[in-house]
Amino acid sequence: MLKPIPVSVMQGLLQAEVFGSKSENPVSYISTDTRKIIYGPETLFVALSGFKVDGHAYLMQAYEQELRVFVVETLPEHLDRYPEATFLRVSSSVLALQQLAKYQREQFEKPVIAITGSNGKTIVKEWLGQLLSSKYQVAKSPKSYNSQTGVPLSVFGIEPSHQLAILEAGISRPHEMELLEDIIQPDLGIFTTIGTAHAEGFADETEKLLEKIKLFKRSKFIIYRKDQAKVKAVLQQHFPAERLVAWSDQPGSDYTLTVKKQAEGSKITLMKPDLGVYTFQTAFTDEASLENLRHVIVTALTLGMEEREISEQLPFLAAVEMRLSLKSGQKGCLLIDDTYNNDLAGLDVALEFMQNQRAKRRKILIISDLLQAGDQHSVYQQLADMLTHYQLDLVVGVGNRIPLLKSYYVGESLFYGNTKEALESLATLSLEDDLILIKGARDFAFEQIVDSLQEKLHGTVLEINLNALRNNFSFYKKRLAPSTKIMVMVKAFAYGGGATEIAHHLAQLKADYLAVAYTDEGVALRNDQIQLPIMVLNPAPESFGNLIRNKLEPVVYSCRFFAQLGAYCKSSGARLAVHLDLDTGMRRLGFAEEDLEELLHLIGKFPELEIASFYTHLAGADEALHENFSRGQAELFMQMASRISDILPDTPLRHILNSAGIIRYPEYQMDMVRLGIGLYGIEVNGLHDEALQPVSRLKTTISQIKLLKKGDTVGYGRKGMMSADGKIATIALGYADGYDRRFSNGKGQVMIHGKIASVIGNVCMDMTMVDISHLEEVQEGDEVIVYGKELPLKDQAAAIGTISYELLTNISSRVKRVYYMD
Ligand SMILES: *Cc1c(COP(=O)(O)O)cnc(C)c1O
């Protein structure tokens, strides 16, 4: 932070009402998350009431961490339990956070650059940061902290030693940009591109555009690409020409930057306003990177960097991997691979991610020298404090500067001069069942370390995007009343995504309940430390003991089963929470109306079984066609449920909606809903495909490419036939991996280099051939997308007459799951 803030100043800034003791200690840190507080006594806690967690629930925890100053919307119930605390009560904590950020921003007298646009913001910010760091000490927002709370937190990251700050601004709704502008007050603005992303909150593209450009209200310079006609028109209409800095492929702009693609990379030729010419060389050839790169070049030129200085740095701008990915390591280890650049803010994000993974034997960090501006002693002091806070069991430092850490960090640590030495010593660390975070600056080539620790993967992987999962969860959550609980169906290995990891993230997202199909699935979750209540849809009688031992809650669907389970519990002196499945029209499992009499009798007879909920399942929730039937089911359910409730001391939860039902019949949300396929990114009604994000991407690689002649046949039964001379690629995926054999002979399509290729011949057990005659430059080893964001699963399912559910759950367990957050 730039400047400590005394409480009295804060009070005035925030127009807050003050309660509790009067503190005069200024705060030097601001936190919204008690898990991340390091310097308790000097930290202000701002209690935000977000959708996921309410900060107000953590006030006592913060107080116990020695925090004494709090910004809140509501006071804690027992103020007397916080004898030394000062509470500043405000009407909106988010607004308070923003006001404090604005105050800090106004203390910074150096240039501030702000980036907005639909795509490329984070990459442009990262590259620009790397490029400018060769000359200045640069502050920049961590990851893509660009929201109403992310921007303030980024501003608090600016330190007095910084000479320049680069911040990202992202919005999803009208009127948000004004607020961000007021905080950032950028001297220079960059507009990357306008796209369709996040269009939801806006009436149309123009409204979105007009909102975004509010970021530039007081910017001296605004950099944009003139070839984007709409952006150009809007900017020219709202800002005087002398503030606009345009670049384009074509002559007639301030900077003309033409691209020539070559065998190895591209050549970018700059023609300046004074007709000077300069040539830059880059390894990138894809359009998006070349566009982002040109934004970076123009910005650096505008800031007064020389062409030569820029050109020297370009080779170091590597593809920014904005992901933290979770990979299975050898010997049961779990690796967090963060190839993101290595500064304190980035490390904090990664350590937090680590904190949220399931517990393993030890928490180990392998880390290189930090790329962090400022006094190095204080940098490593801060690093030491952070490591102590996150309670690491072992820290392995690599590089020349990181040994500075030794003076400040008392935990177990080892140091190596370079990556090679570290690699040689890995064997001595007896890594087994450990959680290992690997975080190195690019020069240290830590991918070698990841490579040596990673479990060797068969070429096919299913990538699971945990951010998409979070997005989808919140999409459904927002459509429901705050009091409605969410049970998430993680049956069938969480629809193929991997039950443990997904359950773990759901626990963080505050799901209320989980459901699995069989007892074994529930036991596996308990063994992996999942504590949420778990409903078991179809438990077998042999598993009753396991249900009790693991605190699993079975569904009971018949009188016979009720009596059996009741007798078991009676004889073993156990009690069990159970859920009653009422059949109102699905005709699968469940009590029919005529069973109720006997059921009521059994409920009286076996008080060992506590009814936690009743539910029914809609047979046609995803089609308007069945609306009357669905409403009939709901009516019957309510009648049956109230008959049972009448004899119970407490009212159990009632729930009927699956994913499709949440969208179509929110009026029937009752006490809980059962979210399944929607969480994984598929909206079966087809009404909200835009808002959901696919969670999984199935990828494989090309094993071999063959040139064939017209009339050559391909694969078993010679079912494939080349209609002309051409080439095929054999990919490492077959029906044993879950690639359905019905995809044979042109039904299935994959994507290679962004282009479609169709299956030729029959799908084999472990391999499939695809026709790539129309694709140039494809090589063996290249990546093949089988489905994912770019190739929707729904379309693939439709091509072979099935549904997404089947394809998702069929992916074989031999396909490795890799989890990441972008
Ligand atoms: C699988 C299942 C769901 C979830 O259905 P989706 O269509 O995936 O949302 C809900 N309830 C029951 C009883 C289920 O078996």
Side-chain angles (χ1 to χ4, degrees), residues 122-144 157 159 161-162 164 166 283 296 312-325 327 335-354 364-384 386-387 390 392 395-406 408-409 413-426 436-454 820 822:
T122 307
I123 310 261
V124 169
K125 179 200 70 194
E126 285 303 322
W127 281 351
L128 196 57
Q130 286 180 37
L131 182 72
L132 296 173
S133 298
S134 65
K135 214 170 161 178
Y136 308 101
Q137 307 215 332
V138 181
K140 58 185 167 53
S141 14
K143 300 261 155 177
S144 35
E159 301 281 339
S161 62
H162 287 127
L164 216 151
I166 313 176
V296 170
E312 278 168 11
Q313 295 302 320
L314 289 193
F316 301 110
L317 303 184
V320 183
E321 270 276 353
M322 267 161 314
R323 320 169 134 189
L324 274 158
S325 57
K327 299 175 172 164
L335 311 181
I336 303 170
D337 175 9
D338 187 358
T339 45
Y340 206 62
N341 69 59
N342 197 24
D343 57 13
L344 283 171
L347 181 65
D348 194 36
V349 175
L351 285 168
E352 190 195 347
F353 181 75
M354 182 179 210
I364 300 176
L365 169 67
I366 304 181
I367 183 171
S368 74
D369 286 348
L370 286 174
L371 296 178
Q372 174 85 34
D375 167 34
Q376 293 300 296
H377 282 276
S378 112
V379 165
Y380 285 94
Q381 161 98 64
Q382 286 179 55
L383 174 63
M386 204 182 263
L387 300 180
Y390 283 102
L392 290 163
V395 176
V396 179
V398 183
N400 298 328
R401 274 190 285 165
I402 198 152
L404 274 176
L405 180 64
K406 278 190 226 168
Y408 307 105
Y409 183 62
S413 56
L414 294 166
F415 294 90
Y416 300 98
N418 56 48
T419 305
K420 185 156 166 282
E421 285 173 30
L423 267 172
E424 285 162 3
S425 73
L426 286 179
I436 310 169
L437 170 60
I438 301 154
K439 184 133 180 60
R442 211 166 292 283
D443 294 351
F444 286 84
F446 269 16
E447 50 285 2
Q448 295 174 38
I449 294 184
V450 174
D451 202 46
S452 84
L453 295 179
Q454 198 174 355
Y820 70 93
D822 52 14

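Along the sequence shown, residues are numbered consecutively beginning with 1.
For the pair Val398 and Phe446, the minimum side-chain heavy-atom distance is below 4.5 Å. Annotation: side chain of Lys125 is in contact with side chain of Thr122 (closest heavy-atom distance under 4.5 Å). Counting heavy atoms from C-beta outward, Leu437 and Leu392 have side chains that stay 4.5 Å or more apart.
In this structure, Glu126 CD and Leu131 CG are separated by 12.5 Å, a value rounded to the nearest 0.5 Å. Atom CG in Leu347 sits 11.5 Å away from atom CD in Glu352 (nearest 0.5 Å). Summarising the geometry, atom CG belonging to Leu426 is positioned 8.5 Å from atom CD1 belonging to Ile436; distances are rounded to the nearest 0.5 Å. Atom CG in Asp369 sits 6.0 Å away from atom CD1 in Ile402 (nearest 0.5 Å). Within the model, atoms NZ of Lys327 and CD1 of Ile336 stand 11.5 Å from one another, a figure rounded to the nearest 0.5 Å. Separation of atoms CD1 (Ile438) and CD1 (Ile367) is listed at 12.0 Å; rounding is to 0.5 Å.
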Side chain to side chain contact (heavy atoms under 4.5 Å, CB included) between Leu344 and Leu370: does it pass, once the steps are laid out? CA-CA 7 Å; Leu344 283 171; Leu370 286 174; 3.8 Å; yes
Does the side chain to side chain contact (heavy atoms under 4.5 Å, CB included) test come out yes or no for Leu164 and Gln137, once each step is laid out? CA-CA 7 Å; Leu164 216 151; Gln137 307 215 332; over 6 Å; no
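Smallest separation of non-hydrogen atoms from Lys439 and Ala350: CD-CB, 3.9 Å. Minimum heavy-atom separation, Ala422 to Ile449: CB-CD1, 4.5 Å. Scanning both residues, Ser452 and Leu423, for their nearest heavy atoms gives OG-CD2, 3.7 Å.
Every residue two or more places apart in sequence or in another chain that forms a side-chain contact (heavy atoms from CB on, under 4.5 Å) with Leu404 is listed here: Gln376, His377, Tyr380. Tyr390 meets the side-chain hydrogen bond (donor to acceptor under 3.5 Å, both in side chains) test with Asp348; sequence neighbours excluded. Remark: Gln381 pairs with no residue by the side-chain hydrogen bond (donor to acceptor under 3.5 Å, both in side chains) rule, at least two apart or across chains. With sequence neighbours excluded, no residue forms a side-chain contact (heavy atoms from CB on, under 4.5 Å) with Ala283. Residues that satisfy the side-chain contact (heavy atoms from CB on, under 4.5 Å) test with Ala139, not counting sequence neighbours, are Ile158, His162, Ala165.
Residue pairs meeting the side-chain hydrogen bond (donor to acceptor under 3.5 Å, both in side chains) criterion with at least one partner in residues 413-425, sequence neighbours excluded, are Tyr416-Ser425.
Between the side chain of Ser368 and the backbone N or O of Ala441, at least one donor-acceptor pair lies under 3.5 Å.
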